[in-house]
Visitor: 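Take this structure, written in structure tokens, and hold onto it; I'll ask about it next.
Whatever order the structure lists ligands and atoms in, that order sets their numbers, starting from 1.
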Amino acid sequence: MAKATPDVALRAAPELQPPDVFRLLVDSVTDYAIFMLDPAGLICTWNSGAERMKGYPAKEIIGKHFSVFYTAPDLALDKPNYELKLAMQDGRFEDEGWRVRKDGSRFWANVVITRICDKQGRHLGFGKITRDLSERRQSELRYRLLIEGVIDYAIFSMDPTGRITSWNVGAERLKGYKAEEIIGKHFSNFYTPEDRASELPRRVLETAAANGHFEGEGWRVRKDGTRFWASVVVTALRDEAGNLYGFSKVTRDNTERKKLMDELQRHSEELELQVREREESNAELESFAYSVSHDLRAPLRAIAGFAQALQEDCAAGLDETGRDYLHEITSATARMNALVQDLLDYGRVSRINMPLESVKLADVVAEAIRQAQQGDDGMLQVDVPSDICIYAQSQVLTQVLLNLLSNAFKFQRKGVKPEVRISAEVKERRVRLSVSDNGIGIAPQHQERIWQVFERLHDRDAFPGTGIGLAIVRRAVTRMHGSCGVESQINKGSTFWIEFPVASEGSLEAKN
Ligand code: ADP
């Protein structure tokens, strides 16, 4: 029966009634030392928890004074009797402190002493319950040491009103206050006057209390008045019953990062501005070039017309030099006409509204070949599946292809039979249309600049041209959401390619 648990004992022996039940209960508790003292402090009962905690078996300790559990310094202060006196006076006394086991080792105890009287109010003695909190104290200590030792973060606690209750070295380092200067003061001391005026500290605590925590960034003030950019987390501290007993606050100095971010922001804004300004001035220049080109057409037509009239009506009256000059005028007019036409085309692909629709690639290729008038002499090989569609503007795409085709036929090597191939390949939902030739090729260092307006690698006598064709290609392809590029080897040939997503359904708007 002595070994049975109280619950089992009750069921097994229903005749058992308190106080037997309570005695069994107390006896079997092993995590708490529960025992009785007589009014003088002599131990009268002993449970298994007491034996486990303090190391004394019952027969050894019963009858002894409970002061054997106290440390020498506590004994010197007469603490055992003082505690009994207070328990006698108030009915209850609670304390935490070091206590001594039989083997002399210490443990951190939570002790509750309760005055016990009978129904008539006669004092019978004291109940004493002791809990071993060594482990908890150890981990609290470790935690405290850890927090206190952190130097990169200010970690401190506050009471529910925001008054500071603890302070680590990180806080001292970051904010400049020593613990004794700041403990008891309100944490709003760290805020700027503007933030204090707008009651930010109050809102921080309210948010933390309502949501469990508050996170934010902002300028805070050190003891010496200097400011730093703080990244802050405030956490509400609640006891097991959910009552708010304070807040913890962790602050990190992010001034360097903030400076860097501000600098980056400033740079990117500057860059954006520069890009915007460049785009604006480019657009202005383009529209200027467009209107100039447009206005040049009429006088140009007049020059060409009169040169032709001169040729037809007055050629007989001119000597050879005069006829040479006339020839120069006519060919210069033709060149200028081509230049004006290309500039106008470039301006047009830049500014026209370009609604994209699904177009069959093979159709566009056939139209470009037709316009290039190069198809019948057998030098051109076409390898474009008839079922591929892309989103594009069909006339603009034709113009793009025409430019690539005429370049492929133009930049040929002397004495080499020209071979040009148009092919299409689909990879990962993108179509690459390539125009390859076996011509003069382009050195790697020039392969980027040829896409700019007026960039040409040869003089007019070797290869005629305006230097605008590839600029039109790039601008048009970009506006149709595509990309373009070149692979080339000098004296071997070039492959110019354009790439677009494969079309499924519907239509798209072109990029501006
Ligand atoms: P254009 O053909 O009027 O000179 P483009 O803008 O079309 O102007 O081409 C720019 C330059 O790129 C050409 O002058 C030429 O030097 C080079 N280029 C273009 N296509 C080829 C090609 N297929 N083979 C070799 N060089 C080429």
Side-chain angles (χ1 to χ4, degrees), residues 282 285-286 289-290 293 296 300 331-350 365 368-369 371-375 377 379-384 395-424 432-480 482-499:
N282 271 356
L285 265 177
E286 274 173 14
Y290 188 80
S293 319
L296 281 178
L300 195 58
S331 58
T333 320
R335 282 204 311 276
M336 189 150 171
N337 198 37
L339 200 62
V340 166
Q341 192 51 50
D342 279 359
L343 274 174
L344 286 174
D345 283 349
Y346 181 68
R348 208 168 55 83
V349 292
S350 306
V365 170
I369 293 170
Q371 290 185 24
Q373 297 171 333
Q374 298 273 1
D377 50 11
M379 300 182 300
L380 179 66
Q381 188 195 337
V382 182
D383 191 1
V384 179
Q395 278 159 341
V396 176
L397 187 61
T398 307
Q399 187 179 6
V400 164
L401 260 176
L402 188 58
N403 287 359
L404 295 181
L405 259 182
S406 47
N407 279 350
F409 282 114
K410 184 165 58 175
F411 295 101
Q412 289 296 337
R413 278 176 291 160
K414 281 208 176 72
V416 177
K417 188 169 173 266
E419 283 170 19
V420 176
R421 179 168 181 253
I422 307 177
S423 59
R432 179 176 278 211
L433 185 73
S434 304
V435 178
S436 312
D437 62 57
N438 61 340
I440 57 171
I442 305 159
Q445 68 270 26
H446 300 314
Q447 289 179 7
E448 184 48 44
R449 74 177 174 98
I450 53 170
W451 300 91
Q452 309 287 330
V453 179
F454 299 139
E455 288 289 351
R456 311 195 68 237
L457 305 178
H458 312 277
D459 62 35
R460 218 176 40 233
D461 296 333
F463 298 102
T466 60
I468 303 174
L470 289 181
I472 292 176
V473 169
R474 177 171 271 184
R475 175 62 62 91
V477 165
T478 309
R479 287 206 63 202
M480 292 187 291
S483 52
C484 55
V486 62
E487 281 152 23
S488 183
Q489 261 184 304
I490 204 101
N491 286 331
K492 286 237 164 83
S494 311
T495 297
F496 281 83
W497 55 263
I498 55 176
E499 212 177 78

Visitor: Is it the case that ligand 1 has an N or O less than 3.5 angstrom from some N or O of Ile440?
Guide: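 Checking ligand 1 against Ile440, no N or O pair falls under 3.5 Å apart.
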Visitor: For ligand 1, is Gly467 a contact, meaning one of its heavy atoms is under 4.0 Å away?
Guide: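 Yes, that is the case, since the closest heavy atom of the residue is under 4.0 Å from the ligand.
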Visitor: Quick one, Val420 with Phe409, criterion side chain to side chain contact (heavy atoms under 4.5 Å, CB included). Give me CA distance, side-chain angles, the key distance, then yes/no.
Guide: CA-CA 7 Å; Val420 176; Phe409 282 114; 3.6 Å; yes
Visitor: Anything under 30° is parallel, anything over 60° is perpendicular, the rest tilted; go ahead and classify Phe411 against Phe463.
Guide: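 Phe411 vs Phe463 ring planes: tilted.
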Visitor: Just to confirm my output: which protein heavy-atom neighbour is closest to atom 17 (C) of ligand 1, and how far is it?
Guide: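 Nearest protein contact, heavy atoms only, for atom 17 (C) of ligand 1 is Ile450 CG2, 4.0 Å.
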Visitor: Run the side chain to side chain donor-acceptor pair (under 3.5 Å) test on Gln399 and Asp345 for me, step by step, so that the C-alpha distance in whole Å, both residues' side-chain angles and the decisive distance to 0.1 Å come before the verdict.
Guide: CA-CA 9 Å; Gln399 187 179 6; Asp345 283 349; 3.2 Å; yes
Visitor: Check ligand 1 against Leu457 and write out every atom of the ligand that is under 4.0 Å from a heavy-atom position of the residue.
Guide: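 Answer for ligand 1: 14 (O), 16 (O).
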Visitor: Within the side chain of Glu455, is there an N or O that forms a donor-acceptor pair under 3.5 Å with the backbone of Trp451?
Guide: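 Flag not set: sc Glu455 to bb Trp451 has no pair under 3.5 Å.
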Visitor: Please report which non-hydrogen protein atom sits nearest to atom 23 (N) of ligand 1, along with the residue it belongs to and the distance in Å to one decimal place.
Guide: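 Checked against all protein heavy atoms, atom 23 (N) of ligand 1 sits closest to Asp437 OD2, 2.9 Å.
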Visitor: Which residue and atom name correspond to the protein heavy atom nearest atom 7 (O) of ligand 1, and how close is it?
Guide: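 The protein heavy atom lying closest is Asn407 ND2, 2.8 Å.
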Visitor: In the structure I gave you, are the side-chain heavy atoms of Cys484 and Glu499 within less than 4.5 Å of one another anywhere?
Guide: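 Result no, sub-4.5 Å side-chain heavy-atom pair not found.
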Visitor: Give a yes or no on whether the backbone of Pro418 and the side-chain of Asn438 come within a donor-acceptor separation of less than 3.5 Å.
Guide: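 Pair absent, no side-chain N/O of Asn438 close to backbone of Pro418.
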Visitor: Looking only at heavy atoms, what is the nearest atom pair of Ile422 and Leu405, with distance?
Guide: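 Closest heavy-atom pair between Ile422 and Leu405: CD1-CD2, 3.9 Å.
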Visitor: Checking a contact table here: which protein heavy atom is nearest atom 18 (N) of ligand 1, and how many Å away?
Guide: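 Result: Phe411 CE1, 3.8 Å.
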Visitor: Taking C-beta and beyond as the side chain, do Ile442 and Ile490 meet within less than 4.5 Å on heavy atoms?
Guide: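 No - every pair of side-chain heavy atoms lies 4.5 Å or more apart.
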Visitor: Check whether any N or O atom of Gly469, backbone or side chain, sits under 3.5 Å from an N or O atom of ligand 1, and answer yes or no.
Guide: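 Yes, there is a polar N/O contact under 3.5 Å.
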Visitor: Can we say Arg413 and Glu419 salt-bridge, meaning some charged N sits less than 4.0 Å from an Asp/Glu carboxylate O?
Guide: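 Result for this pair is no, no salt bridge flagged.
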Visitor: Given Asp459, Ile490, Thr466, which has its nearest heavy atom closest to atom 3 (O) of ligand 1?
Guide: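 Selected option, by shortest heavy-atom distance: Thr466.
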Visitor: So if I count the atoms of ligand 1 from 1 in the order they appear, which ones are less than 4.0 Å from some heavy atom of Lys410?
Guide: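 Within the 4.0 Å cut-off of Lys410, ligand 1 contributes 1 (P), 2 (O), 3 (O).
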Visitor: May I ask you to list the atoms of ligand 1 that are less than 4.0 angstrom from any heavy atom of Gly465?
Guide: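 Close to Gly465: 3 (O).
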Visitor: Nearest 0.5 angstrom please: Leu344 CG to Ser293 OG, how far?
Guide: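 Separation between the atoms: 5.0 Å.
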Visitor: So if I count the atoms of ligand 1 from 1 in the order they appear, which ones are less than 4.0 Å from some heavy atom of Ile468?
Guide: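 In order of numbering, the contacting atoms are 6 (O), 8 (O).
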Visitor: Less than 3.5 Å between some nitrogen or oxygen of Ile442 and one of ligand 1, yes or no?
Guide: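 It does not: no N or O of Ile442 is found under 3.5 Å from an N or O of ligand 1.
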Visitor: Test your reading of the structure: does Glu455 have an N or O sitting under 3.5 Å from an N or O of ligand 1?
Guide: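 Not met; the criterion fails.
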Visitor: Heavy-atom contact under 4.0 Å between His446 and ligand 1?
Guide: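 Contact absent.
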Visitor: Who's the nearest protein heavy-atom neighbour of atom 4 (O) of ligand 1, and how far?
Guide: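 Ranked first by proximity to atom 4 (O) of ligand 1 is Arg456 NE, 2.7 Å.
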Visitor: Counting each atom of ligand 1 from 1 as listed, which ones have a heavy atom of His458 under 4.0 Å away?
Guide: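 Checking each atom against His458, I get 16 (O).
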Visitor: Which one of Val453, Val400, Asn407, Val486 satisfies the side-chain contact (heavy atoms from CB on, under 4.5 Å) criterion with Leu470?
Guide: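 Only match with Leu470 under side-chain contact (heavy atoms from CB on, under 4.5 Å): Asn407.
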Visitor: So is Phe496 in contact with ligand 1, going by heavy-atom distances below 4.0 Å?
Guide: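 The answer is yes: ligand 1 sits under 4.0 Å from a heavy atom of Phe496.
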Visitor: Quick one: nearest non-hydrogen protein atom to atom 6 (O) of ligand 1, plus distance?
Guide: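 The answer is Leu470 N, 2.8 Å.
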Visitor: If you measure from the Lys or Arg side-chain nitrogens to the Asp or Glu carboxylate oxygens, is any gap between Glu487 and Arg432 under 4.0 Å?
Guide: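 Salt bridge: yes.
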